[in-house]
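Reading through the C-alpha cells given below for one structure.
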Amino acid sequence: AVLGVGGSGPAWLPPPRGARPARGGGKAVTIAQLLTLVAAIADSPHVRRMAWATAAIAVYAIWDYGRTAARQKSEATL
C-alpha cells in the first residue's frame, strides 16, 4: 500500500516545463513493445515481424511528436 501511494506521488506534481502530452503514436509503441515482449517470452515465431512493426510505429511516433513540437513552437512565436 505504501509503494502504491508513493509511486503515484509524481502524478500530483505539475508537468516539467516543455513537456508534451502523450500522443496516440507513443501509446501504440508502448502497447506494441509489450506485445512483442510477451511474444518473445512465449517463443512465438512472429517475434521478428512484430519487432519490425514496432519499429515502424516508433518512427511514426517520433515524426508525430516532432511535427507537434514544431507546430507548438510556431504558434508560440506568433
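Because the structure is a prediction, the values reported are computed rather than measured.
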Distance, nearest 0.5 Å, that separates OG1 of T68 from CH2 of W63: 8.0 Å

Neighbour count >12 (heavy atoms, 6.0 Å) for atom CZ, R49: no

Nearest non-hydrogen partners of G26 and A61, listed with the distance: N-CB, 3.8 Å

Shared hydrophobic cluster for M50 and I31 (ILVMFWY, side-chain gaps under 4.5 Å): yes

Expected output: side-chain Y65 to main-chain R23 donor-acceptor under 3.5 Å: yes

Heavy-atom check, side chain of L37 versus side chain of I41, under 4.5 Å: yes

Nearest non-hydrogen partners of T36 and T54, listed with the distance: OG1-OG1, 3.2 Å

Atom pair CD1 (I57) and OG1 (T30), whose distance is rounded to the nearest 0.5 Å: 10.5 Å

